[in-house]
Structure formats: C-alpha cells, structure tokens
Amino acid sequence: MTTITLTFDNGPDPDVTPLVLATLRRHGILSTFFVLGDKLRDRRALAERADAEGHWIGNHTYNHLVPLGLAAEPGAAASEIARTQELIGNLAHPRRFFRPFGNGGVIDRSLLNEEAVEHLTRGGYTCVLWNVTPRDWALPNGWVERALEMCFAKPEALVVLHDLPTGAMSGLDRFIGAARDRGATFVQDFPASCIPIERGRLQAPIDLYMTRASG
Ligand SMILES: [Zn+2]
C-alpha cells in the first residue's frame, strides 16, 4: 500500500496555481505549497485561497537563486528564510514548514549551510525534504509515468511538483487518477523519513544536507 503526499514548489503562479487548486479540490486531496517570497509579495491572494481550502503553506526561500549550502555571504541564508516567513505571516502552519532546494532536485550537502540550520532550529521550523522528483519542469509531458513508477517503488512517497507555467500541471489530473486506480492513498502529512528537523529539533544527522564552512 503506497501513500502519496503532493507538494507544489516555486509558486504561486497566477495561471497554474488556480489550475492545481481546482484539480486537487475535484479529487478531494490536500497538499502543501512551498512558495517563494519574491512571488508571494504580489500574489498573496493565491496563497490565502490555498490556505482557505485546507492546504498548507511552506517557505521555499525568497528568490531561489543559490542553494543555501552554497550561499557564502554571511546573513544571506538566514535572510532568504526570514524574509519569506515574514511574508507568509499568518498563513504559516504551526510547524513552520521550510523546504530547501538543490540543483536539479538532488538531495546533497548543498541544501543548507550552518547558518541556515541554526536559523531553522532556533526558529522552530520543520524542514521538509522529498523522495520523488519526477522532473516535471523538464518533462512536462513525460513526468506522469515517471512519477507513478517512482511512487509505487516506495511505501511513502513525497512528491515534488511545481506550480510553474511549463504545461506540466495539465497532467496532474491524470496522475492522481492513475495513482488511485493502482491503489494509492493521498495524504497531506509528510513521511517522517523526509523530515530532518521537526519544530526546530534535529531528527536525523543533518550533516548529510549541510555544507560546513571550511577552515
Ligand atoms: Zn524549488
């Protein structure tokens, strides 16, 4: 029996986020939107709507330019998180969800640096990773088959998709239908194995996800 958790990163987007919300609502599925502060500034109504419909809102950095583990300038990583959290404001879940990003969706030590980890633990954040990246941004037509294959290879799948204007989210309806046909259950919460920090407390060796300053 496979459970699937859906998450949508890098929005909100004025065209794609409403499409995703409508698709999820039709299927009765709740998810999490990991938003960028830079986009949230002018598009907060979309996040408010997602929140009102029962979805969770998480922090995915302010401008998503450099993975935080590669952010060399002191203060940069903390600022990427803090500015976005301020914009999320009262839409934040009590667990204060934060998702770092890696180049090409790869999980490695470039996700976080020491400053980011300190900021997250002090701030009581919950760090949410993932275990299925079907590369919807690169395969707007092919991601559905790939995602199904990856999800059914594990008992608890946490899927990263993107509410970005790539055309990929027109396949969301088909993905959900096919996954349910094959017996999957959709859940909103995240598998514990994808949570290295829960409400500021380390749950797993964080060194796997963190660059340490040399010297
Ligand atoms: Zn991202």
Side-chain angles (χ1 to χ4, degrees), residues 4-17 19-21 24 31-44 46-47 50 55-71 76-88 91-93 95-113 115-117 119-120 125-140 142-143 146-147 150-151 157-169 171-172 175 190-191 194-197 208-211:
I4 298 176
T5 303
L6 293 179
T7 58
F8 300 90
D9 291 8
N10 295 36
D13 178 271
D15 298 316
V16 185
T17 307
L19 168 72
V20 169
L21 286 171
L24 295 174
S31 70
T32 302
F33 290 83
F34 286 96
V35 299
L36 301 187
D38 192 30
K39 291 185 179 174
L40 189 62
R41 236 185 22 229
D42 298 326
R43 302 174 182 169
R44 199 164 192 280
L46 289 166
H55 301 284
W56 294 338
I57 307 299
N59 178 334
H60 191 43
T61 75
Y62 188 80
N63 61 28
H64 204 282
L65 290 179
V66 180
L68 298 188
L70 306 178
S79 158
E80 280 284 311
I81 301 168
R83 288 171 79 191
T84 305
Q85 198 66 21
E86 198 175 314
L87 287 164
I88 290 173
L91 299 179
H93 188 280
R95 288 163 73 191
R96 293 165 70 82
F97 298 123
F98 172 77
R99 169 173 278 165
F101 66 97
N103 283 324
V106 174
I107 292 181
D108 63 17
R109 288 173 195 265
S110 72
L111 294 186
L112 299 167
N113 62 11
E115 179 185 290
V117 169
H119 189 82
L120 293 173
Y125 285 87
T126 296
C127 180
V128 182
L129 302 181
W130 56 88
N131 61 22
V132 172
T133 45
R135 298 176 60 81
D136 57 303
W137 68 88
L139 305 165
W143 71 269
R146 199 179 147 91
M150 294 173 87
C151 285
L158 203 182
V159 185
V160 178
L161 297 171
H162 296 83
D163 44 342
L164 287 174
T166 61
M169 287 308 97
L172 182 62
F175 169 74
F190 314 107
C194 295
I195 306 277
I197 304 173
L208 297 171
Y209 316 116
M210 185 178 87
T211 308

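Residue numbers run from 1 in the order of the sequence given. When a ligand or atom number is given, it counts from 1 through the structure's own listing order. Predicted model, so just to flag it, every value in this text is computed and none were measured.
Checked against the 6.0 Å centroid criterion, the rings of F34 and F101 do not qualify as a close aromatic pair.
Separating the NE2 atom in H93 from the CG atom in N59 is a distance of 14.5 Å, to the nearest 0.5 Å.
W137 is linked by a ring pair (Phe, Tyr, Trp, His ring centres under 6.0 Å) to H162, counting only residues two or more places apart in sequence or in another chain. Contacts of L19 classified as side chain to side chain contact (heavy atoms under 4.5 Å, CB included), with partners at least two apart in sequence or in another chain: T23, M169. Here P165 pairs with D13, V16 under the side chain to side chain contact (heavy atoms under 4.5 Å, CB included) rule; sequence neighbours left out.
Of all protein N/O/S atoms, those lying under 2.8 Å from the Zn ion (ligand 1) come to 3.
W130 contributes no side-chain N or O that, together with a main-chain N or O of R99, makes up a donor-acceptor pair within less than 3.5 Å.
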